Amino acid sequence: MKLILLSIFASLAGTAAGIVLLFITAYAFYGGDVDTVDVLSFIPLMLVPALLMCVLLYVPGLLWLRRKRKSCAPARLFVLTPAFVLNTPAFVVLLAGLLAGNVFFGWSEISLFAVAFIVAGLVFGRGFVSWCESKAV
């Protein structure tokens with residue numbers, strides 16, 4: 001149950017990071033032109049895949065890694081693995097969509113999603129280490 005709540009929290013954190021980056025880039029490059037449609041369309045496009053990544057990739061991947069290493073040490077490994085290694089399928093899909101001729105998103109949207117996935121992975125990894133340490137005690 002704690003891993004499910006952690007998955008929800010990590011996907012919300014990733015989505016929030018993406019929205020913050022959306023506002024930062026909009027103000028830095030476009031003078032603050034962020035529509036409500038931009039924000040409201042980003043939320044489900046990020047929240048649902050991030051939640052699926054947490055449940056389908058992060059949990060099994062980190063449980064497997066914990067079983068192989070027989071502990072959650074070093075903590076850095078468990079924090080960085082979901083952020084960069086387990087997010088590889090998402091990065092490949094985003095890059096493939098970009099290379100297909102900007103069919104779905106441009107570079108700016110790709111960077112928003114990539115940062116959001118990285119943040120979700122970092123948050124989940126840190127929470128997983130805390131969960132793992134509480135299970136060991």
Side-chain angles (χ1 to χ4, degrees):
M1 183 65 172
K2 287 184 182 180
L3 289 179
I4 293 171
L5 292 174
L6 178 59
S7 298
I8 293 169
F9 180 72
S11 55
L12 286 172
T15 303
I19 290 171
V20 167
L21 189 62
L22 174 70
F23 279 103
I24 290 171
T25 56
Y27 281 106
F29 297 114
Y30 305 112
D33 242 359
V34 178
D35 293 334
T36 317
V37 174
D38 293 335
V39 175
L40 292 179
S41 61
F42 180 79
I43 291 171
L45 284 174
M46 182 57 214
L47 188 62
V48 173
L51 187 57
L52 289 174
M53 292 284 287
C54 287
V55 172
L56 298 176
L57 285 177
Y58 298 170
V59 171
L62 290 180
L63 286 174
W64 175 83
L65 186 61
R66 183 180 126 199
R67 189 171 48 249
K68 283 291 188 187
R69 298 193 57 87
K70 297 184 179 34
S71 72
C72 288
R76 277 177 300 199
L77 177 67
F78 285 85
V79 173
L80 295 176
T81 297
F84 298 104
V85 176
L86 297 177
N87 275 332
T88 303
F91 298 151
V92 168
V93 167
L94 289 171
L95 191 58
L98 182 69
L99 295 176
N102 292 337
V103 175
F104 300 109
F105 305 113
W107 275 109
S108 59
E109 291 90 1
I110 297 290
S111 63
L112 289 176
F113 284 107
V115 166
F117 278 121
I118 289 170
V119 168
L122 290 170
V123 169
F124 187 88
R126 183 63 206 133
F128 185 85
V129 169
S130 295
W131 173 81
C132 186
E133 289 170 350
S134 72
K135 295 287 270 189
V137 172

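Please read these numbers as outputs of a predicted model, since none were measured by experiment.
- Using a 4.5 Å cut-off between side-chain heavy atoms of Ile, Leu, Val, Met, Phe, Trp and Tyr, with links allowed through other members, Leu5 and Val119 fall into different hydrophobic clusters.
- Considering only heavy atoms from C-beta on, Ser108 stays 4.5 Å or farther from Thr25 through its side chain.
- Under the 4.5 Å side-chain heavy-atom criterion for grouping Ile, Leu, Val, Met, Phe, Trp and Tyr, Leu51 is not connected to Phe91 through any hydrophobic cluster.
- Taking CD1 of Ile24 as the reference point, atom CG of Leu112 lies at 10.0 Å (rounded to 0.5 Å).
- Tyr58 has its side chain out of reach of Leu6: every pair of non-hydrogen atoms, C-beta onward, lies at least 4.5 Å apart.
- Applying the 6.0 Å contact sphere to CZ of Phe9 captures no more than 12 heavy atoms from other residues, nucleotides or ligands.
- In the hydrophobic clustering of ILVMFWY residues, with side-chain heavy atoms under 4.5 Å counting as a link, Leu122 and Val20 come out apart.
- The structure places OG of Ser11 at 8.0 Å from CE of Met46, a figure rounded to the nearest 0.5 Å.
- In terms of hydrophobic clustering, with Ile, Leu, Val, Met, Phe, Trp and Tyr side chains grouped at heavy-atom distances under 4.5 Å, Phe84 and Leu77 are assigned to a common cluster.
- In the hydrophobic cluster analysis, where Ile, Leu, Val, Met, Phe, Trp and Tyr join through side-chain heavy atoms closer than 4.5 angstrom, Ile19 is grouped together with Ile118.
- In terms of heavy-atom proximity, Asn87 sits nearest to Pro82 at ND2-O, 3.1 Å.
- In terms of heavy atoms, Ala10 sits closest to Val123 at CA-CG1, 3.8 Å.
- The structure places CG of Leu40 at 11.0 Å from CG of Leu45, a figure rounded to the nearest 0.5 Å.
- Pairs of residues two or more places apart, or lying in two chains, never qualify as disulfide (SG to SG under 2.5 Å) while including a residue from residues 7-56.
- Distance check: Leu21 CG to Phe42 CZ gives 8.0 Å after rounding to the nearest 0.5 Å.
- Ring geometry for Phe23 against Tyr27 counts as parallel: the plane angle stays under 30°, on a 0 to 90° scale with 60° as the upper cut.
- A donor-acceptor distance shorter than 3.5 angstrom exists from the side chain of Arg69 to the backbone of Ala73, with no hydrogens or angles considered.
- The backbone N or O of Gly106 lies less than 3.5 Å from a partner atom in the side chain of Glu109, making a donor-acceptor pair.
- Here the straight-line distance linking atom CG of Leu94 with atom CZ of Phe117 works out to 6.0 Å at 0.5 Å rounding.
- Between Cys72 and Trp131, the closest side-chain pair of non-hydrogen atoms is not below 4.5 Å.
- Here the OG1 atom belonging to Thr88 is positioned 11.5 Å from the CG atom belonging to Leu95, to the nearest 0.5 angstrom.
- The aromatic rings of Phe128 and Phe78 lie parallel to each other, their planes meeting at an angle below 30°, with 60° marking the opposite boundary.
- The minimum heavy-atom distance linking Leu62 with Gly125 is given by the pair CD1-CA, 4.3 Å.
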